[in-house]
Amino acid sequence: MLSQFAYVPVCFTERSSQLANGESKDSRRNAEMVDAGKSVTPEMLVREHASAVLGFCITFTKNFHDSEDITQDVYLQAFTKLRTLRDTTRVRPWLLKIARRMCIDYYRKRQTCYSIGDVDTPARPDYGNEHIIRVHTAISELPEGYREAITLFYLDGRDCACVALSLGISEAAVRQRLVRARLMLHDLLVEDIS
Amino acid sequence: MNNNKDCHNRREAIAALVLGELETPAADEIKNHIDTCVNCRSLYQAMAEEEETIRSAFKAIDDRSKAIGNNLIVEHDKILRAHDDISAGQAKSEAKQSAITRPNIWRTIMKRGPARLAAAAVILIGVLVLISVFVGTNKGVALAGVLEKVEQARAYMYKMKITTTGSMMPGGKHEVQGTMTISDEYGMKWEMVTPDPNTGEKATTEMYILPDQKVVISLMHKLKKYHRMEFDDDWFARVKREKNDPRETLKRMMACNYTKLGRKEIDGIKAEGFETTDSNFSEGLVEGVKVTLWVDVKTWLPVLWEMEIKMNEQMQMHCVLSDFQWDIPVVASDFEPVIPADYTALAANGYNAPSMTGEAALGSRVKSPATEHYNRGEAYYLAGEYDQAFSELTKAIEIDPGFASAYVTRGMAYNDKDKFNLAVADFTRVIEIKPADAHAYVNRGMAYGNKGEYDLAVADYSKAIEIDPMIYDAYRGRARVYYYKGEYDKAWKDVYQAQALGHPVDSKLLEKLRKASGTDE
């Protein structure tokens with residue numbers, strides 16, 4: 001009966017303690033490369049991709065609180081559907097696909113979209129001080145494709161190749177979006193100050 | 001000098017430079033330009049300064065994702081452990097649960113965290129149904145005539161299928177199928193099959209409940225393990241008492257409203273249906289329940305029995321009892337478990353399966369008089385019979401002054417009866433015995449909170465969090481105390497923490513907190 005849930009690695013708990021200590025971005029990226037082709041564990045899903053999923057949801061919903069809920073839902077669904085994942089090198093796009101679908105559902109339910117700075121969605125202290133919240137607010141105002149690219153860029157250790165893989169577009173396209181997104185972000189931040 | 005138009009065209013190159021996405025010749029070129037152009041230099045400097053704040057902003061997301069991720073892993077881990085408990089802990093939980101009355105079974109299910117709920121509930125529903133049939137307490141759906149008939153059958157068997165679905169279950173679904181054989185004379189035999197959600201491979205478990213020997217024996221064939229557990233006189237006496245009191249059963253039955261569904265044919269048998277959706281069936285502790293019983297109109301014996309239970313949004317359970325065979329011939333050897341020579345005993349210490357009603361491992365603990373008092377005391381406590389509970393638990397403590405579980409249960413009982421000083425004393429004793437047990441501090445924090453000693457309560461909750469940062473009960477408790485103290489910001493922080501750990505805070509507290517703090521978060 002124990003082997004019923006065979007996809008759970010023995011090192012599950014050991015690794016989760018590593019997670020608690022935090023890992024560098026680079027080790028995460030390497031882990032993705034090294035583990036490509038091997039079986040994907042729920043723990044790997046979390047360790048390597050949770051920040052991207054959360055970041056993606058925030059860019060989509062522009063709401064921290066709901067994004068956390070959606071992230072949890074994304075993972076609960078991913079855990080149960082892990083067996084259906086055929087191409088283990090495409091974990092990130094697969095997770096983001098689930099996330100996108102759940103975010104769309106969320107939109108349908110709410111029908112409205114708030115900016116992070118709106119009164120209805122007060123700043124979460126967990127997300128930092130007012131300067132940091134200003135950055136989040138500005139990012140939430142970028143066009144969708146730019147938002148995604150820049151969010152994943154910063155969350156993935158500023159690696160264009162990773163972002164390209166996640167979004168399924170070319171590196172050149174990522175770079176172009178990034179540069180433009182970064183300039184827009186600058187303009188929004190300057191505007192905000194003045 | 002450079003004109004403005006040229007500089008405008010350089011904006012993208014500057015952004016790329018800041019992002020570290022510019023190749024060497026182009027990067028050198030733009031750097032040289034920045035050195036000579038005031039406008040471009042100020043743009044570069046401004047963007048470079050922003051970089052730090054932007055990175056912090058994403059680090060905040062990263063940090064939050066770690067907290068959420070840790071929680072997800074813990075929850076997922078719990079689900080898996082809970083499922084392991086099905087094989088390892090079922091015998092134990094079964095006997096433990098049976099010792100208490102039905103509403104308490106429900107209460108106990110609901111007391112567990114959502115993760116363990118799934119596994120616990122599958123087992124407990126099984127037990128509940130099993131006990132119902134065995135002792136004839138067909139609460140809410142049965143008719144007196146059906147009861148009589150069921151009691152007349154000296155041996156019978158039926159098939160049982162319990163399907164649990166929901167997002168909390170790995171694979172979205174968990175299924176247990178089995179055959180139950182029940183004999184007045186020899187006891188009960190339950191053969192269970194659980195398919196592996198990945199491979200479809202089936203694992204079979206046999207469980208024997210043998211009243212004469214007062215023992216429950218489980219054989220886990222796939223693991224080649226067996227588990228033997230004694231149940232105490234009290235448990236069985238209680239089952240018998242209930243069995244011999246049809247009035248009591250009838251009264252309970254009347255407590256639920258049921259409707260007649262009319263007649264229909266099931267497998268060629270003309271049957272009459274009864275249905276209840278009365279929340280009394282589960283004391284309102286689950287979100288929804290629907291029980292349908294179809295009875296053969298000729299024999300007045302059950303033909304099909306279905307229970308649909310909605311525990312919450314994440315979990316639903318469907319239990320079907322069918323293929324009843326009444327008054328079947330049985331022989332003693334049907335109820336004699338054969339343990340193959342290569343099977344090993346499932347060591348009580350090996351799996352540490354938490355028993356459903358507390359930490360006392362009924363089966364594994366060497367039976368001392370203190371333990372017996374404790375077991376009785378706990379059963380009384382769970383049944384709401386506080387005076388007897390105090391007396392038994394005190395006896396247990398007198399015999400074994402280091403019996404932490406006895407202090408915990410007695411402390412809980414004192415707390416329930418608003419005797420907070422005594423509760424604090426008992427929980428303090430637990431801390432003395434087990435200084436590294438975070439739950440011990442949570443318990444005392446609760447008692448201090450109830451007593452109105454908020455600072456001491458906060459200290460205890462904080463100590464618990466220091467020992468175990470994932471202990472959501474402590475955050476919930478501390479949030480409440482901070483609310484009482486009027487420290488709403490701190491209360492909100494703890495609310496978030498509890499939520500981040502996947503455990504919602506009492507909606508009434510949230511409402512009060514919203515009103516008092518004048519904010520939603």
Side-chain angles (χ1 to χ4, degrees), chain A residues 1-8 12-13 15-16 19-20 22 25 42-43 46-47 50-55 58 64-65 68 71-73 75-77 79-81 83 120 122 124-128 131-136 139 151 153-155 158 160 175 178-180 182-183 185-186 189-190, chain B residues 11-12 15-16 18-21 43 46-47 50 53-74 76-77 80 83-84 86-88 167-172 194-199 201 203 205 220 222-223 314 492-493 496 499-500 502 519-521:
Chain A
M1 267 192 156
L2 287 168
S3 60
Q4 238 171 288
F5 306 104
Y7 65 83
V8 180
F12 205 68
T13 42
R15 282 186 152 193
S16 61
L19 189 77
K25 290 271 163 53
E43 182 269 341
V46 170
R47 180 165 50 94
S51 63
V53 171
L54 177 63
I58 291 172
F64 293 123
H65 190 88
E68 293 195 1
T71 299
Q72 297 206 25
D73 290 343
Y75 271 95
L76 288 176
Q77 192 171 110
F79 289 158
T80 63
K81 292 197 170 165
R83 281 173 299 126
D120 294 278
R124 292 282 302 262
D126 338 344
Y127 285 93
H131 301 292
I132 287 173
I133 296 297
R134 260 197 11 245
V135 171
H136 286 305
I139 287 169
T151 299
F153 177 76
Y154 281 102
L155 287 174
R158 300 196 302 286
C160 272
R175 205 163 284 125
L178 275 176
V179 164
R180 293 185 180 166
R182 185 62 184 79
L183 283 171
L185 187 58
H186 168 72
L189 289 171
V190 171
Chain B
R11 278 169 59 89
E12 291 201 355
V18 171
L19 290 166
E21 288 295 328
L43 173 67
M47 285 184 81
E50 283 160 14
T53 319
I54 294 171
R55 287 180 199 180
S56 313
F58 283 102
K59 182 160 184 314
I61 292 182
D62 199 37
D63 289 347
R64 284 298 300 157
S65 79
K66 279 195 185 115
I68 297 169
N70 278 339
N71 177 44
L72 277 162
I73 285 186
V74 168
H76 190 252
D77 202 23
L80 296 163
H83 278 79
D84 290 345
I86 289 181
S87 57
S167 54
M168 301 298 288
M169 314 296 293
T194 320
D196 184 321
N198 291 326
T199 62
E201 200 183 339
T205 304
M220 289 144 231
K222 200 172 170 190
L223 296 173
Q314 283 83 39
W492 277 119
K493 257 188 193 165
Y496 298 147
Q499 284 170 343
T519 165
D520 268 352
E521 289 186 59

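Small disclaimer: the values here were computed from a predicted structure and weren't measured. Quick note on labels: first sequence line is chain A, next is B, and so on, each numbered from 1.
- The aromatic rings of B:Phe58 and A:Tyr154 sit parallel, their planes meeting at an angle under 30°, below the 60° perpendicular limit.
- Judged as a side-chain contact (heavy atoms from CB on, under 4.5 Å), and not counting sequence neighbours, the contacts of A:Arg175 are A:Cys160, A:Glu171, B:Glu21.
- Note that the CG atom of A:Leu54 and the CD1 atom of B:Ile68 stand 4.5 Å from one another [nearest 0.5 Å].
- Heavy atoms only, all atoms of each residue included: A:Leu183 and B:Ala15 are closest at CG-CB, 3.7 Å.
- When all heavy atoms of A:Val135 and B:Ala57 are compared, the closest pair comes out as CG1-CB, 3.7 Å.
- The distance from atom CG of B:Asn70 to atom CZ of A:Arg47, rounded to the nearest 0.5 Å, is 12.0 Å.
- When the side-chain hydrogen bond (donor to acceptor under 3.5 Å, both in side chains) test is applied to B:Glu50, the partners found at least two apart in sequence or on another chain are A:Arg182, A:His186.
- Looking only at side-chain heavy atoms (C-beta outward), A:Leu185 and B:Met47 stay at 4.5 Å or farther from each other.
- A:Arg158 has its side chain out of reach of B:Leu19: every pair of non-hydrogen atoms, C-beta onward, lies at least 4.5 Å apart.
- Ranked by heavy-atom pairs shorter than 4.5 Å toward chain A, the options B:Ile54, B:Thr53, B:Asp63, B:Val18 are led by B:Ile54.
- Contact detail for B:Asp62 and A:Ser51: the closest heavy-atom pair is OD1-CB, 2.9 Å.
- Between A:Phe79 and B:Leu72, the shortest heavy-atom contact is CE1-O, 4.2 Å.
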